[in-house]
Participant: 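Structure incoming, see below.
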Amino acid sequence: LEQRLNHSHKMEAIGQLAGGVAHDFNNMLTVINGHSALLLMDTVRLGDDQIRSLEQIQQAGSRAAGLTSQLLAFSRRQMLQPKVVDLNVVITRLQDMLKPLLGEDIELYVLLDPALNRIKADPVQLEQVVINLAVNARDAMPEGGRLTVQTENVDLAPGFESPEGERHEGPYIRMTVSDSGMGMDAAVLSRIFEPFFTTKPKGKGTGLGLATVYGIVKQSGGTILVNSEPGRGTTFQVYLPATKAPMDESDRASETDDLRGT
Ligand code: ADP
């Protein structure tokens with residue numbers, strides 16, 4: 001247990017540090033990206049070489065901005081706006097985006113419990129959880145395969161303990177994200193939630209995806225379990241506490257907006 005606590009303190013400290021740095025960097029990047037965009041509008045007075053240089057600056061600048069926004073998400077500095085949400089709606093809304101992201105060789109199965117309980121969480125952060133898990137699943141299936149996203153209600157028995165030794169009990173919802181990809185060995189599996197841990201080639205992975213997922217799930221009062229076997233695939237199970245609070249009118253309104261695809 002001591003080791004687990006140390007681990008979560010370490011994550012906390014890294015998160016705060018990363019968040020602070022990312023925040024300041026983001027401000028500076030706004031200046032860099034803004035001015036290079038301004039210069040590029042004045043192509044008449046620029047030579048080809050200068051335009052090419054500026055384009056390089058812009059590309060690097062936008063990659064850097066992408067990284068800082070991931071760092072910010074990870075460090076949870078971004079505003080958290082918990083609402084009563086229906087995870088099914090979040091997933092349904094993402095489906096159109098997931099298909100092109102997964103490509104043609106990955107089959108997507110979405111199995112949603114129509115009676116799924118509501119949860120209290122930030123819907124934007126929930127989207128991040130689903131997207132990060134889906135992107136990892138895709139990367140684990142370069143030759144194609146099957147990705148299943150399932151939701152259901154579960155009643156956790158009093159003995160249920162998270163991998164960190166926290167007890168969870170009562171009505172929860174479970175989202176299972178399962179792929180038929182390459183899986184992981186025990187050494188990788190033990191480190192996947194560490195910030196900056198990645199097995200992907202340089203430039204592809206930041207190692208922040210699952211650390212972000214972990215932070216969001218913890219912050220929402222939930223827990224996450226992983227099962228994986230090399231060559232056979234990986235299953236993530238996200239547990240989030242169900243809420244009895246009814247959706248308020250504004251949430252309901254934005255929910256139907258979302259369904260209309262606005
Ligand atoms: P990144 O995707 O940038 O590498 P993550 O934190 O999202 O960072 O993932 C960390 C590592 O966990 C990945 O590099 C990969 O080795 C492993 N991993 C995560 N999800 C899966 C999966 N579905 N199948 C196999 N390996 C995975």
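When a ligand or atom number is given, it counts from 1 through the structure's own listing order. Just the heavy atoms: all of them, side chains too, but no hydrogens, waters or symmetry mates, feed the values below. Numbering of residues begins at 1 and proceeds along the displayed sequence.
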Participant: Which residue in the set Asp86, Asp113, Asn88 passes side-chain hydrogen bond (donor to acceptor under 3.5 Å, both in side chains) when paired with Thr151?
Facilitator: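 In the set Asp86, Asp113, Asn88, the residue that makes a side-chain hydrogen bond (donor to acceptor under 3.5 Å, both in side chains) with Thr151 is Asn88.
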Participant: Going through the checks in order, is the side chain to side chain contact (heavy atoms under 4.5 Å, CB included) test met by Gln56 and Arg52?
Facilitator: CA-CA 6 Å; Gln56 298 277 344; Arg52 258 194 298 280; 5.6 Å; no
Participant: Hey, does Arg118 have a side-chain heavy atom less than 4.5 Å from the side chain of Lys83?
Facilitator: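 Side chain of Lys83 against side chain of Arg118, heavy atoms only: no contact under 4.5 Å found.
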Participant: If you have a sec, work out which protein heavy atom is nearest atom 7 (O) of ligand 1 and how many Å separate them, to one decimal?
Facilitator: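 Here the closest protein heavy atom is Asn136 ND2, 2.8 Å.
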Participant: Does the side chain of Ser162 pick up a donor-acceptor pair with the side chain of Glu164 at under 3.5 Å?
Facilitator: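 Yes.
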Participant: Using a 4.0 Å cut-off to any heavy atom of Thr206, which atoms of ligand 1 qualify?
Facilitator: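 Contacts of ligand 1 toward Thr206, numbered from 1: 3 (O).
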Participant: Considering non-hydrogen atoms only, spot the tightest contact between Pro163 and Ile224 and give its length.
Facilitator: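 The answer is CG-O, 3.8 Å.
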Participant: Nearest protein heavy atom to atom 23 (N) of ligand 1, by residue and atom, and its distance?
Facilitator: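 Heavy-atom neighbour on the protein nearest atom 23 (N) of ligand 1: Asp179 OD2, 2.8 Å.
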Participant: May I ask you to check whether Tyr214 and Gln219 show a side-chain donor-acceptor distance below 3.5 Å?
Facilitator: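 No pair is found: no donor N or O on one side chain lies under 3.5 Å from an acceptor on the other.
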Participant: Would you mind reporting whether Phe236 and Asp179 have side-chain heavy atoms less than 4.5 Å apart?
Facilitator: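 No - every pair of side-chain heavy atoms lies 4.5 Å or more apart.
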Participant: Quick one: which of Ser180, Ala140, Gly207, Gly181 has a heavy atom closest to atom 24 (N) of ligand 1?
Facilitator: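 That would be Ala140.
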Participant: Using a 4.5 Å cut-off on heavy atoms from C-beta on, say whether the side chain of Val188 contacts that of Phe197.
Facilitator: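 They are in contact (side-chain heavy atoms under 4.5 Å apart), so the answer is yes.
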Participant: A side-chain contact here means heavy atoms from C-beta on lying under 4.5 Å apart; do Leu133 and Leu210 qualify?
Facilitator: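 Result yes, sub-4.5 Å side-chain heavy-atom pair found.
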Participant: How far is atom 4 (O) of ligand 1 from its nearest protein heavy atom, and which residue and atom name does that atom have?
Facilitator: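 Nearest protein contact, heavy atoms only, for atom 4 (O) of ligand 1 is Thr198 OG1, 2.5 Å.
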Participant: What is the nearest protein non-hydrogen atom to atom 10 (C) of ligand 1, stated with its residue, atom name and distance?
Facilitator: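 For atom 10 (C) of ligand 1, the nearest protein heavy atom comes out as Phe197 O, 3.3 Å.
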Participant: List every atom of ligand 1 that sits less than 4.0 Å from any heavy atom of Gly205, numbering the atoms from 1 in the order shown and giving each element.
Facilitator: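 Matching atoms, with element in brackets: 3 (O).
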Participant: What about Met184: any of its N or O atoms under 3.5 Å from an N or O on ligand 1?
Facilitator: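 Not met; the criterion fails.
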Participant: Are any of the N/O atoms on Gly183, whether in the backbone or the side chain, positioned under 3.5 angstrom from an N/O atom of ligand 1?
Facilitator: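 N/O-N/O distance under 3.5 Å: no.
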Participant: Out of all atoms in ligand 1, which are within 4.0 Å of some heavy atom of Ile192? Include the element for each.
Facilitator: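 The atoms of ligand 1 under 4.0 Å from a heavy atom of Ile192 are 6 (O), 12 (O), 17 (C).
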Participant: Numbering the atoms of ligand 1 from 1, which are under 4.0 Å from a heavy atom of Gly209?
Facilitator: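 What qualifies from ligand 1 is 5 (P), 6 (O), 7 (O), 8 (O).
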Participant: Considering heavy atoms of the protein only, find what lies nearest to atom 2 (O) of ligand 1 and give residue, atom and distance to 0.1 Å.
Facilitator: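 Going atom by atom, the protein heavy atom closest to atom 2 (O) of ligand 1 ends up being Lys200 NZ, 2.6 Å.
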Participant: Any idea which of Thr199, Leu210, Leu189 brings a heavy atom closest to atom 6 (O) of ligand 1?
Facilitator: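 Checking each option, the heavy atom nearest atom 6 (O) of ligand 1 is found in Leu210.
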